[in-house]
Structures are given as C-alpha cells and as structure tokens.
Amino acid sequence: MAIETTLILCKPDAVSRGLVGDIVGRIERRGYLIVAMKLMQLDGERARKHYGEHEGKPFFAGLVEFITSGPLVALAVEGEGAVEGCRQMIGATDPLKAAPGSIRADLAQTIGRNLVHGSDSIASAKRELAIFFDPSEHVSRKHDLERWIKE
C-alpha cells in the first residue's frame, strides 16, 4: 500500500465540545503521523473553495455557514493508505449509520454536526491540503514513517 497524505478537519463542533484531543489520539493510535496541524477560523472564501463540488446544491450554504461558525483544527495526516484508513476511522456521514467504534458513531450527534471531515480520494486530498496548508508547513517525519512501516 502506498504512503498517502490526507486532510482531516476537526470541525467547529469538535473544537467547541473539546473532542480534538480524542480525535487526534485516535489518528495517532491507528499509526498515522500528523505532519501539519493548525487551529484556524475559516473564512467564507476558503470554505466555498473547500466545498466547491457541492456549490449549487441545497445544502451548500449550510455547509459554508457551519464550517465558518467557529474555529476548526486542520490536520495533514500521513501513512500507508491514509485516505481510506482515515475515512474508515471517521465513519459514515450520518452518525446513526456509522460503524460502531468510528469517531462519528461514538461521538457525533447528527449529519449536520458530525465532527470531522476527511478527504474522500487522493485527488481530493491534494486539492484540499493546498487550501489549508502551504507545503512549507508540513514537517518531515520520514524517519518516523520508515520505523512505523518496519514494525
């Protein structure tokens, strides 16, 4: 399996509920590496760019309104199969349909307040990471990754 980097967002509901540490801990316990992380307040322009594929859909305005409603934590997460692995760990969009043990099944309340975003493909991850991080903000953890793969 290939080494991938994906975007994970701890949305404003995760930040306001004090769940960022739990979410980051789950990512790290799964063996993925955090190579960039920042607490930020998303502006409308960046939010519309992030959710661009949903523009024109009835729920687009609500997505933008929610993601800009408070601070979020953006993470660049690296590891073998990180895109699909993180998506599995996050769980289905609807917490009531998410697999037991997933972040959303364990901690989220509704589709509209589902705590976390994870890139859905390698192409989306590349596009989304560029919205939230400059490449210079990624910390090289190659030595950690090499050790992790060997274990």
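Each residue takes its place number in the sequence, starting with 1.
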Residue pair [X] / [Y], side-chain heavy-atom distance below 4.5 Å:
{"X": "Glu55", "Y": "Arg48", "result": "no"}
{"X": "Leu75", "Y": "Leu9", "result": "no"}
{"X": "Tyr32", "Y": "Thr6", "result": "no"}
{"X": "Glu4", "Y": "Glu84", "result": "no"}
{"X": "Ile67", "Y": "Pro12", "result": "yes"}
{"X": "Val24", "Y": "Arg29", "result": "no"}
{"X": "Ile90", "Y": "Arg87", "result": "no"}
{"X": "Val77", "Y": "Leu33", "result": "no"}

Using a cut-off of 6.0 Å, state whether more than 12 heavy atoms not belonging to [X] lie near its atom [atom1].
{"X": "Lys38", "atom1": "NZ", "result": "yes"}
{"X": "Lys57", "atom1": "NZ", "result": "yes"}
{"X": "Glu137", "atom1": "CD", "result": "yes"}

Trace of the salt bridge (Lys or Arg N to Asp or Glu O under 4.0 Å) decision for Arg17 with Asp22:
CA-CA 11 Å; Arg17 291 178 56 203; Asp22 188 12; over 6 Å; no
Do His138 and Glu78 pass the side-chain hydrogen bond (donor to acceptor under 3.5 Å, both in side chains) test, and can you show the C-alpha distance, the side-chain angles, and the key distance before you say yes or no?
CA-CA 10 Å; His138 289 234; Glu78 189 173 272; 5.8 Å; no
Test of understanding: clusters of I, L, V, M, F, W, Y form through side-chain heavy atoms closer than 4.5 Å, transitively. Do [X] and [Y] belong to the same one?
{"X": "Ile27", "Y": "Ile122", "result": "no"}
{"X": "Val35", "Y": "Leu7", "result": "no"}
{"X": "Met40", "Y": "Tyr51", "result": "yes"}
{"X": "Leu39", "Y": "Phe66", "result": "no"}
{"X": "Val73", "Y": "Leu42", "result": "no"}

To the nearest 0.5 Å, what is the distance between [atom1] ([X]) and [atom2] ([Y])?
{"X": "Asp134", "Y": "Leu129", "atom1": "CG", "atom2": "CG", "result": "12.0 Å"}
{"X": "Met37", "Y": "Ile8", "atom1": "CE", "atom2": "CD1", "result": "13.0 Å"}
{"X": "His117", "Y": "Thr93", "atom1": "NE2", "atom2": "OG1", "result": "10.0 Å"}
{"X": "Leu72", "Y": "Leu115", "atom1": "CG", "atom2": "CG", "result": "12.5 Å"}

Apply the test side-chain contact (heavy atoms from CB on, under 4.5 Å) to residues Lys11 and Arg113: give CA-CA distance (whole Å), side-chain angles for both, the deciding distance (0.1 Å), then the verdict.
CA-CA 8 Å; Lys11 296 178 186 179; Arg113 300 291 183 267; over 6 Å; no
Treating [X] as the side-chain partner and [Y] as the backbone partner, does any N or O pair qualify as donor plus acceptor under 3.5 Å?
{"X": "Asn114", "Y": "Ala108", "value": "no"}
{"X": "Arg127", "Y": "His50", "value": "yes"}
{"X": "Glu80", "Y": "Ala2", "value": "no"}
{"X": "Ser124", "Y": "Asp120", "value": "no"}
{"X": "Asp94", "Y": "Ile111", "value": "no"}

Test log, rule side-chain hydrogen bond (donor to acceptor under 3.5 Å, both in side chains), inputs Gln109 and Arg104:
CA-CA 8 Å; Gln109 298 171 335; Arg104 288 176 174 156; over 6 Å; no
Salt-bridge criterion met for Asp43 and Lys49 (N-O under 4.0 Å)
no
Working for side-chain contact (heavy atoms from CB on, under 4.5 Å), residues Arg26 and Asp106
CA-CA 12 Å; Arg26 287 175 183 232; Asp106 290 352; 3.0 Å; yes
